[in-house]
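Have a look at the structure below, then the notes.
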Amino acid sequence: MIKRFQNKVAESRLALPLTGLYALLVWLAAGLLHGEMWVPFVCFVVSAYLMVELNNSNALIRIYSRMVSCSFLTLSCMACFMFSSEAGAIVELCFIAAYTTLLRSYQDRKATGWVFYTFVSLGLGSMVNVHLLYFVPVVWVLMLTFLRSMSLRTFLASLMGLLVPYWFAAVFFIYEGSFDVPEQHFRQLVTYGGLCDFSVLQPHQLFILAFVVAMAVTGIVHYLRTSYNDKIRIRMYYDSFITVDTVAALYLVLQPQQYDLLLRVMIVNTSMLMAHFVALTHTRITNIACHVIVVAMLLLTAYSLWMPSFICW
């Protein structure tokens with residue numbers, strides 16, 4: 001089998017350190033030292049570490065490769081205009097943390113502990129952005145179908161995990177007498193913006209979204225064509241990633257106002273699919289495609305860094 005440039009990069013032990021250095025430079029260029037971006041940066045670093053652990057503990061790529069975390073870093077840096085969002089960074093971290101425990105419940109209907117921690121993470125994230133709760137039924141569907149970990153015990157564990165953060169918050173609000181805050185928080189679940197109103201998005205946001213969607217479609221097509229090479233467990237994981245990615249994309253089409261949350265969810269899932277494509281293809285065409293992808297990502301990252309200052313100016 002011919003090892004092309006993309007395969008050498010995908011299997012290189014230097015890929016992740018160099019990508020990490022690139023991500024740090026992008027953060028510095030975005031104003032890490034001059035703005036209040038330290039909380040999002042710490043969340044970003046922890047998120048990147050969890051993506052490494054997610055790949056290592058589940059062997060998402062059947063060869064040695066750090067492409068899952070590298071893809072996450074580069075896709076996230078491409079949307080560097082979201083670096084300043086503390087809420088978005090926290091929700092993204094909680095979402096990835098939920099994945100790291102959810103996948104450990106595979107085919108274990110007694111995995112109440114892992115399921116509990118999964119929904120604690122989702123509950124914490126929903127306290128920052130309540131719309132994350134819309135993904136709770138999706139996770140239940142994954143547990144019932146692909147992960148096959150749904151049972152009465154794990155379902156009750158999921159409810160308890162989801163409610164635990166709110167139990168602690170309720171004590172505080174009762175003590176403070178601030179009953180209107182929880183009401184306003186949950187009221188957002190039934191408050192919708194205009195359907196498919198993409199006028200709320202800037203051109204650079206649309207370009208990034210289009211690129212992420214293109215990478216997701218490329219990864220899905222590649223996976224569907226070659227999934228027979230993976231173990232059944234890995235197929236179930238990737239079916240889960242595809243399902244969540246598709247739901248997030250459809251939700252974003254309907255409610256572009258939730259761009260910050262949904263693009264982050266898409267980036268997490270698309271990173272898995274993109275890594276599978278880059279690491280496990282070997283043809284001349286895919287090698288050229290990988291070069292084009294890298295150049296496009298660099299250009300979009302530079303464009304995203306330039307656009308905010310241009311808009312402010």
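Atoms considered below: every heavy atom in the structure, side chains included; atoms not considered: hydrogens, waters and symmetry mates.
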So, [X] side chain and [Y] main chain: donor-acceptor pair closer than 3.5 Å or not?
X: T112; Y: A157; answer: no
X: E92; Y: F44; answer: no
X: T100; Y: A97; answer: yes
X: D230; Y: Y223; answer: no
X: N287; Y: H282; answer: no
X: H276; Y: H222; answer: no
X: N7; Y: R4; answer: yes
X: S158; Y: F155; answer: yes
X: T154; Y: V115; answer: no
X: S69; Y: V52; answer: no

Do the side-chain N and O atoms of [X] and [Y] include a donor-acceptor pair separated by under 3.5 angstrom?
X: T301; Y: Y22; value: yes
X: N229; Y: R235; value: no
X: Y166; Y: S126; value: yes
X: Y99; Y: N269; value: yes
X: Q6; Y: T286; value: yes

Evaluate the criterion side-chain contact (heavy atoms from CB on, under 4.5 Å) for residue pair S71 and M215; output intermediate values, then yes/no.
CA-CA 10 Å; S71 298; M215 290 299 95; over 6 Å; no

For the residue pair Y251 and H131, does the interplanar ring angle fall in the parallel (under 30°), tilted (30 to 60°) or perpendicular (over 60°) class?
tilted

Any idea how Y238 and F241 line up, ring-wise: parallel (<30°), tilted (30 to 60°), or perpendicular (>60°)?
perpendicular

In Å and rounded to the nearest 0.5 Å, what is the [atom1] to [atom2] distance from [X] to [Y]?
X: M67; Y: S271; atom1: CE; atom2: OG; answer: 11.0 Å
X: I96; Y: E53; atom1: CD1; atom2: CD; answer: 12.5 Å
X: L103; Y: Y237; atom1: CG; atom2: OH; answer: 5.0 Å
X: R233; Y: R148; atom1: CZ; atom2: CZ; answer: 13.5 Å
X: D245; Y: S240; atom1: CG; atom2: OG; answer: 12.0 Å
X: C43; Y: E86; atom1: SG; atom2: CD; answer: 8.0 Å

Could you check whether atom [atom1] of [X] has more than 12 heavy atoms from other residues, nucleotides or ligands sitting under 6.0 Å from it?
X: Y64; atom1: OH; result: yes
X: F198; atom1: CZ; result: yes
X: F5; atom1: CZ; result: no
X: Y117; atom1: OH; result: no
X: M160; atom1: CE; result: no
X: L33; atom1: CG; result: yes

Out of curiosity, does [Y] fall in the hydrophobic cluster containing [X] (side-chain heavy atoms, cut-off under 4.5 Å, transitive links)?
X: L299; Y: W306; result: no
X: L75; Y: V213; result: yes
X: L18; Y: Y49; result: no
X: L261; Y: F186; result: yes
X: L93; Y: V39; result: no

Within-4.5 Å side-chain heavy-atom neighbours: [X] and [Y]:
X: F211; Y: F207; result: no
X: C94; Y: I90; result: yes
X: F168; Y: V164; result: yes
X: V26; Y: L73; result: no
X: M78; Y: I267; result: no
X: L16; Y: C70; result: yes
X: V181; Y: F172; result: no
X: M272; Y: M51; result: yes

For the residue pair [X] and [Y], what are the closest heavy atoms and their distance?
X: G193; Y: Q255; value: N-OE1, 2.9 Å
X: P165; Y: G123; value: CG-C, 3.9 Å
X: F83; Y: A30; value: CD1-CB, 3.8 Å
X: V265; Y: A248; value: CG1-CB, 3.9 Å
X: L60; Y: I234; value: O-CG2, 3.9 Å
X: W38; Y: L32; value: NE1-O, 3.7 Å

Identify the residue among L254, T246, L252 that makes a side chain to side chain contact (heavy atoms under 4.5 Å, CB included) with L250.
T246

Go through the steps for I208 and F81 under the test side-chain contact (heavy atoms from CB on, under 4.5 Å), then give the verdict.
CA-CA 10 Å; I208 300 302; F81 49 83; 3.7 Å; yes

Between V295 and H291, does a side-chain contact (heavy atoms from CB on, under 4.5 Å) hold up when you go through it step by step?
CA-CA 6 Å; V295 172; H291 283 79; 5.6 Å; no

Give the C-alpha distance, both sets of side-chain angles, the deciding distance and a yes or no for side-chain contact (heavy atoms from CB on, under 4.5 Å) between W114 and Y106.
CA-CA 10 Å; W114 293 123; Y106 176 70; over 6 Å; no

